[in-house]
Amino acid sequence: MSIYVGNLSYDVTDADLTTAFAEYGTVKSVKLPTDRETGRVRGFGFVEMSSEAEETAAIDALDGAEWMGRDLRVNKAKPRQ
DNA sequence: GTTGAGCGTT
């Protein structure tokens, strides 16, 4: 299971996300899809952690929280099709 | 601006 992170600042980096989520567990991977046309992040990303419990803790702690000046949207990601 | 990509072998 991975986590969807939305409403991100457009200059956030995967390192920033890793640091924030690492407070709640081990971050296995972070993805920040970029727009092919502009090369900029699209304002959302995905985080994978080492256990579902850690993911739940991170979601609980960060969903709706202010981070880098924005109110984060954090929840379990849908399986990628 | 709200659910990725990998890919010619992860």
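Values below: every heavy atom of this structure, side chains too, minus hydrogens, waters and symmetry copies. Proteins come first, then strands; the chains are lettered A, B, ... in the order of their sequence lines, and each starts at number 1.
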Whole-Å [atom1] distance, [N] and [M]:
N	M	atom1	result
dT9(B)	dA5(B)	C1'	15 Å
dT10(B)	dG6(B)	C1'	7 Å
dG8(B)	dT2(B)	P	29 Å

Taking any heavy-atom pair under 4.0 Å as a contact, classify [X]: base, sugar-phosphate, or nothing.
X	answer
Val47(A)	nothing
Asp35(A)	nothing
Ser2(A)	base
Tyr4(A)	base

- Item | Atom of Val12(A), atom of Met68(A) and distance for their closest heavy-atom approach | CG2-SD, 3.2 Å
- Query: Closest approach of Glu54(A) and Thr26(A), non-hydrogen atoms and distance?
  - Reply: OE1-N, 3.1 Å
- Do Asp16(A) and Thr13(A) have side-chain atoms, one donor and one acceptor, less than 3.5 Å apart? yes
- Query: Would you say Asn7(A)'s side chain and Asp71(A)'s backbone share a donor-acceptor pair under 3.5 angstrom?
  - Reply: yes
- Message: Please check: side-chain N/O of Glu55(A) versus main-chain N/O of Ile3(A), any donor-acceptor pairing under 3.5 Å?
- Response: no
- Nucleotide range of DNA chain B lying under 4.0 Å from chain A heavy atoms: dG1(B) to dG6(B)
- Task: Sequence neighbours left out, what passes side chain to side chain contact (heavy atoms under 4.5 Å, CB included) with Lys28(A)? Give chain and number order.
- Result: Glu48(A), Ser50(A)
- Query: Where each residue is assigned the nucleotide of DNA chain B containing its nearest heavy atom, which of Val41(A) and Thr34(A) is assigned the position nearer the 5′ end?
  - Reply: Val41(A)
- If each of Pro33(A) and Tyr10(A) is mapped to the nucleotide of DNA chain B with the nearest heavy atom, which maps nearer the 5' terminus, i.e. the 5' end? Tyr10(A)
